[in-house]
Amino acid sequence: MLFKIKLLSTLFFLIHLNLFSQNEESKYIDQNGFYKINIISKKDTISILTTNTDKKTPKPTILFLQGSLAKPIIFHDSTGASVTAFPFEIEEYLKKFNFIIIARYGIPLVGSYEKDTEGFLNKKGQIPIEFIKNDNLKYRTFQAQSVLNYLYKQKWVQKDSIFVIGHSEGYRVAAQLSEKNRKIAKLVCMSANPFNRIAEYILKSRIETLSTSSDSLIQKEIEQDINSFKSIPLNIEQYKNDYEVYNRMSYNSVLSYESLLQFKKPILVTYGTEDIGSLNNDLLHFLLRKNKLTMFVYPDLDHNYNKKEFDKNGNELESSYHWDSVFKDVQNWLL
């Protein structure tokens, strides 16, 4: 009898804790003007947040694919205030667009601003294994395609105006997703290069040689990077149980521009000139000669569209933030 009482007490505590967690999640989702949708299949559940509140009126819809870190979508602080992982303000565009963002697998939708902005860690101080298992290009592309398929069936989505925007690692996901994809009306790839991560390392190393007295050590590093690319097998599935190796290979075994070649609708590529890893996007003009390519290049801006600022004496000040002006250009291009 005593055992049953303890068991019931434990179950009640767990249920109460879960309800408290769900209520906290709902509170911050509502606070930021979103609502949550779970897309459920036999093998997976994909959680998305959407800004849509009007189920009857179809609107152009933006699917935003964020970068690589294991971050929640919403962050709250100790005062109860909260912000979203969208790097640009969306409020002024809500009459024009539905906005969609996908939760990273194994990561809570809502996290702490103080603890989780650089990536969520569990109680053991580790990145959740569920995230690590699915932190690869294959799964992220599957996620995005599942969401795209769901959106295409919704009455509140204007089917000829579904736009995909990928930033950083999201660039690579967006490119892979675009292959022969007729459901995407326009594609936006931001702040990565048109090859792969290894190509980014090589470009950064090559630029470094311009400011060193001897290139020999850096040249060896470049040759090692090239050899690591050449050694990636055609079929990487044999490594699927070695998560870190498989995840790394998934992003390096393909070249993003080859995916973009298969997308026949308009493509916009944007980057800042202080983002060294993105500089060879200029080569897309040569690689995608027959594609409908537009490029917005932002002088002096970095990977996240920040600009270094200095006072009149040359002392560095807080960087200025330009994501909002960049997105304004993007949304003008979309429509």
**Student:** Would a single hydrophobic cluster contain both Ile102 and Tyr35, if residues Ile, Leu, Val, Met, Phe, Trp and Tyr are joined by side-chain heavy-atom contacts under 4.5 Å?
**Tutor:**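 Linked within one cluster.
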
**Student:** How long is the gap from CG on Leu210 to CG on Asp215, to the nearest 0.5 Å?
**Tutor:** 8.0 Å

**Student:** Taking the six-membered ring for Trp, are Phe120 and Phe75 ring centroids under 6.0 Å apart?
**Tutor:**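 Not under 6.0 Å, so no.
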
**Student:** side-chain contact (heavy atoms from CB on, under 4.5 Å), that's the test. Do Phe97 and Thr51 meet it? Break it down for me.
**Tutor:** CA-CA 9 Å; Phe97 301 103; Thr51 56; over 6 Å; no

**Student:** Hydrophobic cluster membership, with links at side-chain heavy-atom distances under 4.5 Å among I/L/V/M/F/W/Y: are Val164 and Leu137 in one?
**Tutor:**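 Linked within one cluster.
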
**Student:** Could you check whether atom NZ of Lys308 has more than 12 heavy atoms from other residues, nucleotides or ligands sitting under 6.0 Å from it?
**Tutor:** no

**Student:** Hydrophobic cluster membership, with links at side-chain heavy-atom distances under 4.5 Å among I/L/V/M/F/W/Y: are Leu334 and Leu148 in one?
**Tutor:**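 Different clusters.
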
**Student:** Is the side chain of Asn291 donor-acceptor paired with the backbone N or O of Phe263 at a distance under 3.5 Å, no angle test?
**Tutor:**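 Yes; at least one donor-acceptor contact below 3.5 Å.
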
**Student:** As an exercise, state the distance from CG of Leu284 to CD1 of Ile267, rounded to the nearest 0.5 Å.
**Tutor:**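 Result: 8.0 Å between the selected atoms.
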
**Student:** Taking the six-membered ring for Trp, is the centroid-to-centroid distance between Tyr321 and Tyr305 below 6.0 Å?
**Tutor:** no

**Student:** So, Asn306 and Ser320: side-chain donor and acceptor under 3.5 Å apart, yes or no?
**Tutor:** no

**Student:** Using only atom types and a distance under 3.5 Å, with no angle test, would you say the side chain of Asp225 pairs donor to acceptor with the backbone of Ile198?
**Tutor:** no

**Student:** Testing the basics here: between Ser250 and Asn247, what is the closest heavy-atom pair and its distance to 0.1 Å?
**Tutor:** OG-O, 2.6 Å

**Student:** Please report the shortest heavy-atom distance between Asp160 and Ala185, naming the atom on each side.
**Tutor:** O-CB, 3.3 Å

**Student:** Would you say that Glu223 contacts Gln219 through its side chain, given a criterion of any heavy-atom pair below 4.5 Å between the two side chains?
**Tutor:** yes

**Student:** Answer yes or no: does atom CD of Glu258 have more than 12 heavy-atom neighbours from other residues, nucleotides or ligands under 6.0 Å?
**Tutor:**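 Check passes, neighbour count above 12.
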
**Student:** In terms of side-chain heavy atoms, does Asn98 have a donor or acceptor partner in Thr61 at a distance below 3.5 Å?
**Tutor:**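 Per modelled atom types, Asn98 and Thr61 side chains form a pair under 3.5 Å.
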
**Student:** Please name the pair of heavy atoms, one in Ile73 and one in Leu49, separated by the smallest distance, quoted to 0.1 Å.
**Tutor:**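 Nearest pair, atom of Ile73 first, then Leu49: CG2-CD1, 3.7 Å.
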
**Student:** Does a donor on one side chain and an acceptor on the other come within less than 3.5 Å for Asn193 and Ser278?
**Tutor:** no

**Student:** Under a 3.5 Å distance rule, please check whether Lys133 uses its side chain to pair with a backbone N or O of Pro128 as donor and acceptor.
**Tutor:**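 Side chain of Lys133 to backbone of Pro128: no pair is present.
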
**Student:** Is there a path of hydrophobic side-chain contacts, each under 4.5 Å between heavy atoms, that joins Leu177 and Ile62?
**Tutor:** no

**Student:** Count I, L, V, M, F, W, Y as connected when their side-chain heavy atoms are under 4.5 Å apart, and connections chain through other members. Are Ile101 and Phe131 then in the same cluster?
**Tutor:** no

**Student:** So, are Glu169 and Arg197 salt-bridged, with charged N and O less than 4.0 Å apart?
**Tutor:** yes

**Student:** Before accepting this row, confirm whether a basic side-chain N of the pair Lys36/Glu25 lies closer than 4.0 Å to the acidic partner's carboxylate O.
**Tutor:**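 Yes.
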
**Student:** So for atom CZ, which belongs to Phe310, do other residues, nucleotides or ligands contribute more than 12 heavy atoms lying within a distance under 6.0 Å?
**Tutor:** yes

**Student:** Between Glu237 and Lys138, is the closest basic N to carboxylate O distance under 4.0 Å?
**Tutor:**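 Yes, Lys138 and Glu237 are salt-bridged.
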
**Student:** Checking ring pair (Phe, Tyr, Trp, His ring centres under 6.0 Å) against Tyr93, which of Phe327, Phe86, Phe163 comes through?
**Tutor:** Phe327

**Student:** Ignoring hydrogens and angles, tell me if any N or O in the side chain of Thr57 forms a donor-acceptor pair with the backbone of Asp54 under 3.5 Å.
**Tutor:** no

**Student:** Please evaluate residues Tyr201 and Asn196 with respect to the criterion side-chain hydrogen bond (donor to acceptor under 3.5 Å, both in side chains), reporting the C-alpha separation (whole Å), side-chain torsions for both, the decisive distance (0.1 Å), and the verdict.
**Tutor:** CA-CA 9 Å; Tyr201 306 151; Asn196 58 22; over 6 Å; no

**Student:** Can you tell me which residue among Val110, Thr117, Thr84, Ile107 is in a side chain to side chain contact (heavy atoms under 4.5 Å, CB included) with Pro72?
**Tutor:**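 Answer after filtering Val110, Thr117, Thr84, Ile107: Ile107.
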
**Student:** Passes side-chain contact (heavy atoms from CB on, under 4.5 Å), Leu109 versus Ile74? Steps please.
**Tutor:** CA-CA 6 Å; Leu109 278 167; Ile74 295 174; over 6 Å; no

**Student:** Classify the angle between the aromatic ring planes of Tyr105 and Tyr139 as parallel (below 30°), tilted (30 to 60°) or perpendicular (above 60°).
**Tutor:**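 Judged by the thresholds at 30° and 60°, the geometry between Tyr105 and Tyr139 is perpendicular.
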
**Student:** Tell me whether Asn281 contacts the main-chain N or O of Ala192 through its side chain, where contact means a donor paired with an acceptor under 3.5 Å.
**Tutor:**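 Indeed, once roles are kept as given, a pair shorter than 3.5 Å links the two residues.
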
**Student:** Is it true that the side chains of Lys183 and Asn149 contain a donor and an acceptor less than 3.5 Å apart?
**Tutor:**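 Note: Lys183 and Asn149 side chains meet the donor-acceptor criterion.
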
**Student:** Is it the case that atom CD in Gln238 sees more than 12 heavy atoms from other parts of the structure closer than 6.0 Å?
**Tutor:** yes

**Student:** Verify whether the ring centers belonging to Tyr239 and Tyr246 lie closer than 6.0 Å.
**Tutor:** no

**Student:** Could you tell me if the ring centre of Phe99 sits under 6.0 Å from that of Phe64?
**Tutor:** no

**Student:** In terms of side-chain heavy atoms, does Ser168 have a donor or acceptor partner in His303 at a distance below 3.5 Å?
**Tutor:**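 On atom types as modelled, these side chains qualify, holding a pair under 3.5 Å.
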
**Student:** Can you see which heavy atom on Tyr257 is nearest to which on Leu288, and at what distance?
**Tutor:** O-CD2, 3.9 Å

**Student:** For a 4.5 angstrom cut-off between non-hydrogen side-chain atoms, does Leu293 reach His285?
**Tutor:**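 In contact.
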
**Student:** Give the minimum heavy-atom separation between Arg140 and Leu65, together with the two atoms involved.
**Tutor:**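 Minimum heavy-atom contact is NH2-C, 4.3 Å.
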
**Student:** Apply side-chain hydrogen bond (donor to acceptor under 3.5 Å, both in side chains) to the pair Ser82 and Asn32, showing each step before the final yes or no.
**Tutor:** CA-CA 7 Å; Ser82 59; Asn32 285 276; 2.8 Å; yes

**Student:** Cation-pi check, Lys56 to Trp156: give yes when NZ or CZ is under 6.0 Å from the six-membered ring centre and within 45° of the ring axis, no otherwise.
**Tutor:** no

**Student:** Are Tyr271 and Tyr298 close enough that their ring centres sit under 6.0 Å apart?
**Tutor:**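 So the answer is no for these two rings.
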
**Student:** Is the count of non-hydrogen atoms from other residues, nucleotides or ligands lying under 6.0 Å from Glu114 atom CD greater than 12?
**Tutor:** yes

**Student:** How long is the span from the NZ atom in Lys96 to the CD atom in Glu92, to the nearest 0.5 Å?
**Tutor:** 8.0 Å

**Student:** Do you know the tightest heavy-atom contact between Ile46 and Val147?
**Tutor:** CG2-CG2, 4.0 Å

**Student:** Can you establish whether the number of heavy atoms outside Glu179 located under 6.0 Å from its atom CD is more than 12?
**Tutor:** yes

**Student:** Is the number of heavy atoms from other residues, nucleotides or ligands within 6.0 Å of NZ (Lys59) greater than 12?
**Tutor:**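 Yes, the 6.0 Å shell around NZ holds more than 12 heavy atoms from other groups.
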
**Student:** Does any donor atom in the side chain of Gln143 or Arg104 lie under 3.5 Å from an acceptor atom in the other side chain?
**Tutor:** no

**Student:** What I'd like to find out is whether the side chain of His167 reaches to under 4.5 Å of the side chain of Gln66, using heavy atoms alone.
**Tutor:**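 When only atoms from C-beta onward are counted, Gln66 and His167 do not touch, as no gap falls below 4.5 Å.
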
**Student:** Short question: side chain of Thr212, backbone of Thr209 - any donor-acceptor pair under 3.5 Å?
**Tutor:** yes

**Student:** So, taking the atom named OG1 in Thr50 and the one named CD in Gln154, what distance separates them when rounded to the nearest 0.5 Å?
**Tutor:**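 Reported value, rounded in 0.5 Å steps: 9.5 Å.
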
**Student:** When you measure from the side chain of Asp44 to the backbone of Ile40, do you find a donor-acceptor pair of N or O atoms at a distance under 3.5 Å?
**Tutor:**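 Checked: no pair found.
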
**Student:** Output the distance between atom CZ (Phe195) and atom CG (Asn280), rounded to the nearest 0.5 Å.
**Tutor:**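 Phe195 CZ to Asn280 CG: 5.5 Å, rounded to 0.5 Å.
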
**Student:** Using modelled atom types only, decide if a donor and an acceptor are shared between the side chain of Lys55 and the backbone of Asn52 within a distance under 3.5 Å.
**Tutor:**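 Checking the backbone N and O of Asn52 against the side chain of Lys55, no donor-acceptor pair under 3.5 Å is found.
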
**Student:** Let me confirm one number: the NZ-CG distance from Lys115 to Asp77, rounded to the nearest 0.5 Å.
**Tutor:**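 Rounded to the nearest 0.5 Å, the NZ-CG separation comes to 13.0 Å.
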
**Student:** Can any side-chain N or O of Lys292 pair as donor or acceptor with the backbone N or O of Lys265 at less than 3.5 Å?
**Tutor:**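 Looks like no, no N/O pair under 3.5 Å.
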
